[in-house]
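Because the structure is a prediction, the values reported are computed rather than measured. Each residue takes its place number in the sequence, starting with 1.
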Amino acid sequence: MVLLPRMAVAQQKMFGYFSYDEAIKAMPEYVLVQENLSDLKSKYDQEMKRVEDEFNRKYEDFLDGKNDFAPTILQKRQTELQELLKKNVAFKAEAQRLLQQAEVDALAPLKKKLQDILNNIGIERGYAFILNTDGDACPFINPEMGEDVTQMVKEALR
């Protein structure tokens, strides 16, 4: 009689596990988010190309006329080029930061939805926790103690 409660606990799955990447990529909204981020990246890339071309054009003009410029004009042009270069570097860094923030912001509702689904599954199935198996975080999971909930998550996302 003493062993019966322990055997019942041993038969019950104690935790769930799933692939976070696989689940989030299964969301219909994920494709739209990726397209929007790709479009935004393309716009930033076009602007970076434009400012790079502008800098190159001004630099070539500077090199072409460098021997003919008066010393004060030469200094002025060098200063302009240095400032333009600083602005371009700052723009690239800011564009990268803005793209990263746009990705975080765009994925936030998807992550919230996924978290809500995981909470529901965890409570309904009586799990102590649900593991994310991505990135080889869990090289071994005993299937007798845990349950793969990836398919349940995907179905709930649809």
Side-chain angles (χ1 to χ4, degrees), residues 1-60 79-158:
M1 289 297 267
V2 174
L3 294 176
L4 284 177
R6 288 186 184 184
M7 289 174 59
V9 170
Q11 289 177 348
Q12 179 185 2
K13 303 291 184 173
M14 303 303 288
F15 61 91
Y17 56 93
F18 80 116
S19 168
Y20 193 94
D21 286 341
E22 191 177 328
I24 205 158
K25 288 176 181 175
M27 298 175 86
E29 303 96 326
Y30 183 79
V31 173
L32 182 61
V33 165
Q34 291 303 310
E35 287 173 358
N36 291 341
L37 289 172
S38 180
D39 289 345
L40 183 60
K41 184 182 180 319
S42 176
K43 289 175 184 176
Y44 277 114
D45 287 346
Q46 288 172 0
E47 182 60 17
M48 283 189 258
K49 175 78 171 116
R50 187 195 69 76
V51 295
E52 186 179 305
D53 290 346
E54 178 184 352
F55 176 82
N56 288 340
R57 190 174 52 255
K58 286 187 177 189
Y59 185 68
E60 287 173 11
T79 303
E80 285 176 354
L81 285 171
Q82 288 171 343
E83 287 180 23
L84 189 57
L85 183 59
K86 281 183 193 176
K87 286 180 182 178
N88 289 353
V89 168
F91 175 75
K92 285 181 182 182
E94 181 66 3
Q96 184 64 31
R97 186 190 70 74
L98 290 171
L99 282 169
Q100 288 173 341
Q101 187 60 49
E103 182 173 14
V104 167
D105 293 345
L107 289 174
L110 278 66
K111 289 182 176 187
K112 169 76 170 95
K113 182 178 178 180
L114 182 54
Q115 185 61 50
D116 291 345
I117 289 169
L118 291 170
N119 289 344
N120 290 338
I121 290 173
I123 290 168
E124 288 173 8
R125 309 287 289 187
Y127 296 143
F129 51 86
I130 298 177
L131 296 172
N132 176 4
T133 59
D134 291 341
D136 296 328
C138 299
F140 172 75
I141 296 175
N142 186 336
E144 304 239 345
M145 300 182 102
E147 180 178 19
D148 188 348
V149 297
T150 304
Q151 205 52 42
M152 281 185 258
V153 171
K154 285 180 173 181
E155 288 170 9
L157 289 170
R158 290 190 180 115

task = Return the minimal non-hydrogen interatomic distance between Tyr127 and Lys13, and the atom names on each side.
result = CD2-O, 3.9 Å
message = Is it the case that the side chains of Asp148 and Thr150 hold a donor-acceptor pair, with the cut-off being a distance below 3.5 Å and no angle test?
response = yes
ask   = How long is the gap from CG on Leu110 to NZ on Lys25, to the nearest 0.5 Å?
value = 13.0 Å
ask   = Taking NZ, NE, NH1 and NH2 as the nitrogens, is one of them in Glu83 or Lys86 under 4.0 Å from a carboxylate oxygen of the other?
value = no
remark   = So CD of Gln151 and CD of Glu22: to nearest 0.5 Å the spacing works out to 7.5 Å
inquiry  = Looking at every non-hydrogen atom in both residues, tell me the closest pair between Asp134 and Asn132 and how far apart they are.
reply    = N-OD1, 3.0 Å
Distance in Å, Ser38 OG paired with Asp45 CG, rounded so as to fall on 0.5 Å steps = 9.0 Å
ask   = Counting heavy atoms not belonging to Lys41, are there more than 12 under 6.0 Å from its NZ?
value = no
request  = Would you mind reporting whether Leu37 and Leu99 have side-chain heavy atoms less than 4.5 Å apart?
outcome  = no
ask   = Hey, are Arg57 and Asp53 close enough for a salt bridge, meaning a charged N less than 4.0 Å from a carboxylate O?
value = no
task = May I ask you to decide whether Glu29 forms a salt bridge with Lys113, counting only side-chain N to carboxylate O separations under 4.0 Å?
result = yes
inquiry  = I want to check something: taking the side chain as every heavy atom from C-beta on, are Val31 and Gln34 in contact at a cut-off of under 4.5 Å?
reply    = no
request  = Would you tell me whether Gln115 and Asn119 have side-chain atoms, one donor and one acceptor, within less than 3.5 Å of each other?
outcome  = yes
ask   = So do Tyr20 and Lys111 actually touch side chain to side chain, heavy atoms under 4.5 Å?
value = yes
Derivation and outcome, salt bridge (Lys or Arg N to Asp or Glu O under 4.0 Å), residues Asp39 and Lys43 = CA-CA 6 Å; Asp39 289 345; Lys43 289 175 184 176; over 6 Å; no
task = Give a yes or no on whether the backbone of Phe18 and the side-chain of Thr133 come within a donor-acceptor separation of less than 3.5 Å.
result = yes
ask   = Taking the inter-plane angle between the rings of Phe15 and Phe129 on a 0 to 90° scale, is it parallel (under 30°), tilted (30 to 60°) or perpendicular (over 60°)?
value = parallel
key: Any side-chain heavy-atom pair of Tyr59 and Leu84 under 4.5 Å   = no
task = Would you name the heavy atoms of Ile117 and Ala156 that are closest together and state the gap between them?
result = CG2-CB, 3.6 Å
query = Do Asp105 and Gln101 meet the criterion of a side-chain donor-acceptor pair at a distance under 3.5 Å?
reply = yes
remark   = Between the CG atom in Leu98 and the CG atom in Leu40, the distance rounded to the nearest 0.5 Å is 8.0 Å
query = Taking 4.0 angstrom as the limit, do Glu52 and Lys49 come out as a salt bridge?
reply = no
remark   = CG of Leu114 to CD1 of Ile24, rounded to nearest 0.5 Å, is 6.0 Å
query = Given side chains that start at C-beta, do those of Arg50 and Gln46 come closer than 4.5 Å, heavy atoms only?
reply = no
remark   = Interatomic distance, CE@Met152 vs CD1@Ile130, rounded to 0.5 Å, equals 8.0 Å
ask   = Do Arg125 and Glu147 sit within salt-bridge range, that is, some charged N less than 4.0 Å from a carboxylate O?
value = yes
query = Of the non-hydrogen atoms in Pro28 and Leu157, which two are nearest, and what is the gap between them?
reply = CD-O, 4.2 Å
ask   = Do Glu47 and Phe91 touch side chain to side chain, with heavy atoms closer than 4.5 Å?
value = yes
